[in-house]
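First comes the structure, then the notes that go with it.
Computed over heavy atoms, backbone and side chain alike; hydrogens, waters and symmetry mates excluded. Everything numeric in this text was worked out from a predicted model, so none of it was measured. Labels below follow one simple rule: chain letters A, B, ... track the order of the sequence lines, proteins then strands, and each chain is numbered from 1.
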Amino acid sequence: MPEPYDPQKIEPIWQEYWARERFAAADTTAEKDLYMLMMFPYPSGDLHVGHGRNYILGDCLFRMFLMQGRRVLNPMGWDAFGLPAENAAIKRSIHPREWTLSNIERMKRQFRVWGILYDWDKEIASCEPTYYRWNQWLFVRMLERGLAYRGKSPVNWCSSCKTVLANEQVVNGGCERCGTTVVQRDLEQWFLRITAYADRLLEGLDRLEDWSEKVKVMQRNWIGRSEGAEFTMRVEGRDDVEGFSVFTTRPDTAFGMTFAVLAPEHPLVGAVTTPDRRAEVESFVERVRHQTEIDRLSTEGEVSKRGVFTGSYAVNPFTGRPVPIYLADYVLMSYGTGAIMAVPGQDQRDWDFATAYGLPIVRTVQPPEGWEGQAYVGDGPAINSDWLNGMHKAEAIARATAWLEEQGIGKGKVNFRLRDWLISRQRYWGTPIPVVYCDRDGIVPVPDDQLPVVLPTDISFGAVEGNPLAHSPSFLAATCPKCGGPARRETDTMDTFMDSSWYYLRFVNPHVHDRMFDVDRVSDWMPVDLYIGGIEHAILHLLYARFINKVLHDFGMVPDDEPFTVLFNQGMITAKSATSGKLEKMSKSKGNVVAPDALIARYGADTERVYTLFMGPPEKECEWTDDGVAGAHRFLQRVWAHQDVVAAAAGREGDAGADARLHVKTHEVTKRVHDDLGRYHPNTASAAMMELSNAIGEAAERASEGALRTAYDTLLRLLHPIAPHITEELWRALGHDGSLLRAGWPTFDGELLARQQVTLAVQVNGKLRTTIQTAPGLDAEAAGALAHEAAAKWLDGKEIVKVVHVPDRLVSFVVRG
RNA sequence: GCCGGAGUGGCGGAAUGGCAGACGCACGGGACUUAAAAUCCCGGGACCCUACGGGUCGUGUGGGUUCGAAUCCCACCUCCGGCACCA
């Protein structure tokens with residue numbers, strides 16, 4: 001009698017074996033075959049079953065590829081810089097590095113317990129100087145080419161804590177720690193010029209055929225390309241003021257401009273404010289400065305309190321008439337020119353504003369008959385527009401733009417919503433930005449031979465507010481690389497998205513230490529063939545990574561300008577929230593996490609893997625249920641018990657019919673598993689394997705030993721990617737040597753499947769009436785005759801108008817009478 | 001508001017123009033057991049009829065295309081996600 005199924009006992013043995021035999025090691029000096037990658041995680045410590053979905057799916061595919069004999073690079077590493085480590089340091093007086101490294105160990109252990117294989121020889125952690133050194137090197141290269149620059153940006157500032165806050169740290173307009181009202185403050189910050197790549201980032205999306213439409217649309221929205229025109233307006237009666245530019249997507253409506261609006265931060269605000277309006281304008285500007293951008297952009301609030309008249313007028317160049325200049329909080333300095341022409345007839349916001357301030361409204365596009373709305377944004381003939389009258393939108397836009405150019409006051413212009421990437425962080429636990437400030441030479445990049453600029457260790461966390469680096473004398477003191485004089489080191493560190501923007505290149509050859517990566521090897525192994533990760537990275541990480549990859553492509557270091565050929569976004573795992581009672585994403589704060597430890601102690605990792613992959617298609621969100629887990633475990637119990645079936649059949653001749661049925665089922669299931677895993681549907685692949693298992697159970701008493709053995713043998717191989725431990729154990733119990741990972745992937749006999757009897761559906765007037773079993777490949781005549789006989793009851797006395805025959809699927813009679 | 005995705009038994013889901021509900025969960029019945037658990041077997045879309053058979057309806061709603069629609073088209077409803085005074 002064999003032993004009962006005891007995952008506790010067998011799983012650690014196989015985990016040890018796989019690690020010892022280095023099954024996942026990939027030789028990247030050899031020619032490329034396949035590069036698959038899971039988004040590398042932030043090492044936050046504990047992983048729950050929701051996190052598992054991603055890694056288990058990846059491991060399932062990886063094991064299948066290995067069994068198919070492919071050479072696969074499947075590395076793992078750590079996005080190891082970031083705020084939580086620093087907060088932990090402040091709270092528990094533990095260095096961020098120690099905290100991070102111990103979390104990494106915990107997570108590696110979790111991967112091992114899940115039975116997940118990675119090529120750990122390629123492991124990287126972005127917090128190591130051997131890694132972040134190349135962030136710095138890349139930054140200097142970008143600085144040299146003008147792709148990195150220092151500029152002013154409004155940021156959230158808490159005057160009490162004397163620090164910049166992330167948007168997430170601003171709660172109801174106040175600092176989350178002390179409650180002080182947060183103000184917008186212009187600070188010098190480092191930027192990367194991602195806007196220079198806006199058009200290419202947009203264009204590249206069209207070539208990413210194997211990315212979901214959803215992600216591509218999200219990126220397109222984020223980049224936000226809009227075509228229009230820019231032109232200058234004079235300020236009436238003020239030859240001392242240069243005038244200001246406005247951007248519009250509707251130059252065709254300019255005859256209807258009845259006022260103009262500047263952003264409150266616009267440099268011209270002081271100049272155009274007349275003395276009698278000064279007090280009111282200043283108090284308005286002051287109030288806006290105290291709003292966070294989020295408040296400002298919210299659609300809440302009284303329109304009548306959102307703007308103020310400056311006292312000056314601009315001249316509408318189309319009509320030559322003056323229009324009042326207002327300020328309004330909803331006009332943003334960071335988009336377009338920070339100033340707009342307002343055309344209430346064709347823009348609803350302008351309509352609302354005009355109504356609230358008693359400004360005139362002139363329609364310049366004829367709305368359709370019966371139009372009862374306010375602003376009309378659709379197409380129609382131009383009216384009240386002099387030489388544009390009668391033209392439709394597209395033509396009128398072209399004419400108006402051409403006119404602006406003729407007049408020398410404007411031109412066609414493309415604007416983007418995308419802004420340059422602000423990478424400065426006033427934090428310790430990140431890559432130091434490698435520049436020094438010299439009184440004589442200004443901003444000087446640190447020369448390559450002095451990289452990396454290493455994070456200092458003489459830091460006491462929480463002792464001072466703000467960035468600890470700014471209080472480290474050893475770090476601050478530097479020598480100017482140009483003049484040799486004393487200089488002050490930059491204390492900002494880089495956004496951690498910089499780290500994750502090129503790590504996939506480093507994985508190919510992480511032990512090269514004199515270069516960012518080996519260009520030859522990377523040219524061979526890139527792009528990543530399959531990239532798996534959560535939808536939450538749809539914009540930021542994936543846009544930044546595409547940007548940096550394009551930059552490196554332009555530097556001649558990377559062959560392709562898009563880094564990820566196929567993107568697979570897995571859906572979230574949800575569970576009933578303890579707080580809201582609704583289905584929500586599994587997370588600590590919702591109190592609905594299922595920890596793997598207890599689950600694995602009770603059922604084993606294979607059960608968690610089977611359930612995770614079976615519960616639904618991996619790209620969709622899915623609810624975790626304990627009952628479902630129990631069902632997955634029962635399936636594995638049955639697979640385990642089938643070894644007795646094979647043993648009990650020893651020497652049996654068996655029933656030929658039962659053998660044949662089992663044989664066909666085996667091939668059919670092999671094909672389905674092959675197809676389903678190929679399209680990333682382990683859920684239906686699992687269902688097929690359950691059918692094969694059930695078929696073995698049904699044939700247990702009648703089939704021959706050989707047939708049962710072959711079916712079981714195939715089941716174990718097909719099931720290995722999903723439940724690796726139990727299948728290895730059973731494989732050995734069946735008398736095989738070595739690992740299933742080297743046992744080959746089952747193949748199916750397509751001819752055999754094609755020879756099987758088929759079931760033809762027989763329809764009369766579209767209704768299914770009966771089905772018939774026939775040999776495959778019958779022609780229309782033969783199939784029609786058989787079907788006619790079978791459906792005689794419904795065809796008697798009727799005139800057959802038409803017969804539709806779909807080979808091996810159905811025969812459909814259309815009758816009359 | 002705009003853009004994407006989705007709506008199928010009690011539940012997770014399967015089927016992407018051709019037998020709706022594979023597979024699993026939950027449930028009901030039976031076997032085994034002193035009993036229970038575990039395990040195994042059987043049954044489950046709804047309604048109707050002259051009931052070991054047969055019929056009608058059925059994939060969010062309403063229409064359309066087709067011999068045939070969960071699947072394609074049009075309109076609408078609901079839910080989820082993204083963007084949102086972006087000029």
Quick check: are there more than 12 heavy atoms from other residues, nucleotides or ligands sitting under 6.0 Å from CD of Glu701(A)?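 Counting neighbours around CD of Glu701(A), 12 or fewer heavy atoms of other residues, nucleotides or ligands fall under 6.0 Å, so no.
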
CD of Glu536(A): more than 12 outside heavy atoms within 6.0 angstrom? yes

Under 4.0 Å, counting only non-hydrogen atoms across every strand here, what does [X] touch: a base, just sugar-phosphate, or nothing?
{"X": "Thr337(A)", "result": "nothing"}
{"X": "Val804(A)", "result": "base"}
{"X": "Arg417(A)", "result": "base"}
{"X": "Thr249(A)", "result": "sugar-phosphate"}
{"X": "Trp211(A)", "result": "nothing"}
{"X": "Asn683(A)", "result": "sugar-phosphate"}
{"X": "Thr248(A)", "result": "sugar-phosphate"}
{"X": "Glu621(A)", "result": "sugar-phosphate"}
{"X": "Leu810(A)", "result": "base"}

When the [atom1] atoms of [N] and [M] are considered, how many whole Å apart are they?
{"N": "rG54(B)", "M": "rU59(B)", "atom1": "P", "value": "24 Å"}
{"N": "rG18(B)", "M": "rG24(B)", "atom1": "C1'", "value": "27 Å"}
{"N": "rC74(B)", "M": "rG82(B)", "atom1": "C1'", "value": "26 Å"}
{"N": "rG45(B)", "M": "rG58(B)", "atom1": "C1'", "value": "8 Å"}
{"N": "rA46(B)", "M": "rG9(B)", "atom1": "C1'", "value": "10 Å"}

Any pair with a residue in residues 764-785 of chain A that passes salt bridge (Lys or Arg N to Asp or Glu O under 4.0 Å), sequence neighbours left out, goes on the list, sorted by first then second residue, please.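 For residues 764-785 of chain A, and leaving out neighbouring residues, there are no salt bridge (Lys or Arg N to Asp or Glu O under 4.0 Å) pairs at all.
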
Taking it one step at a time, do Ser226(A) and Asn415(A) satisfy side-chain hydrogen bond (donor to acceptor under 3.5 Å, both in side chains)? CA-CA 5 Å; Ser226(A) 72; Asn415(A) 250 324; 5.8 Å; no

Reading nucleotides 23-28 of chain B from the 5' end, what letters show protein touch, with B for base, S for backbone sugar-phosphate only, - for no heavy atom under 4.0 Å? BSSS--

Which nucleotide, rA14(B), rA87(B), rU56(B), lies nearest any side-chain atom of Ser226(A)?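 When the side chain of Ser226(A) is considered, rA87(B) is the closest of rA14(B), rA87(B), rU56(B).
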
Separation of [N] [atom2] from [X] [atom1] (nearest whole Å):
{"X": "Leu760(A)", "N": "rC67(B)", "atom1": "CG", "atom2": "P", "value": "21 Å"}
{"X": "Arg769(A)", "N": "rG68(B)", "atom1": "CZ", "atom2": "P", "value": "14 Å"}
{"X": "Tyr5(A)", "N": "rA38(B)", "atom1": "OH", "atom2": "P", "value": "18 Å"}
{"X": "Arg349(A)", "N": "rA87(B)", "atom1": "CZ", "atom2": "P", "value": "7 Å"}
{"X": "Lys216(A)", "N": "rC83(B)", "atom1": "NZ", "atom2": "P", "value": "19 Å"}

I want to confirm an ordering. Mapping Tyr335(A) and Trp222(A) to their closest nucleotides on RNA chain B, which one lands closer to the 5' end? Trp222(A)

Upstream residue (5' side of RNA chain B) when Met218(A) and Arg679(A) are each assigned their closest nucleotide: Arg679(A)

Strictly by Watson-Crick or wobble contacts shorter than 3.5 Å, is anything paired with rC2(B), and which nucleotide is it? rG82(B)

Check the pair Tyr326(A) / Phe353(A) against ring pair (Phe, Tyr, Trp, His ring centres under 6.0 Å), numbers first and verdict last. CA-CA 10 Å; Tyr326(A) 278 75; Phe353(A) 195 89; 5.5 Å; yes

Think Lys802(A) has a side-chain N or O under 4.0 angstrom from the OP1 or OP2 of rC67(B)? yes

Counting distance only, does the side-chain N/O of Asp606(A) pair as donor-acceptor with the main-chain N or O of Ile726(A) below 3.5 Å?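 It does hold such a pair.
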
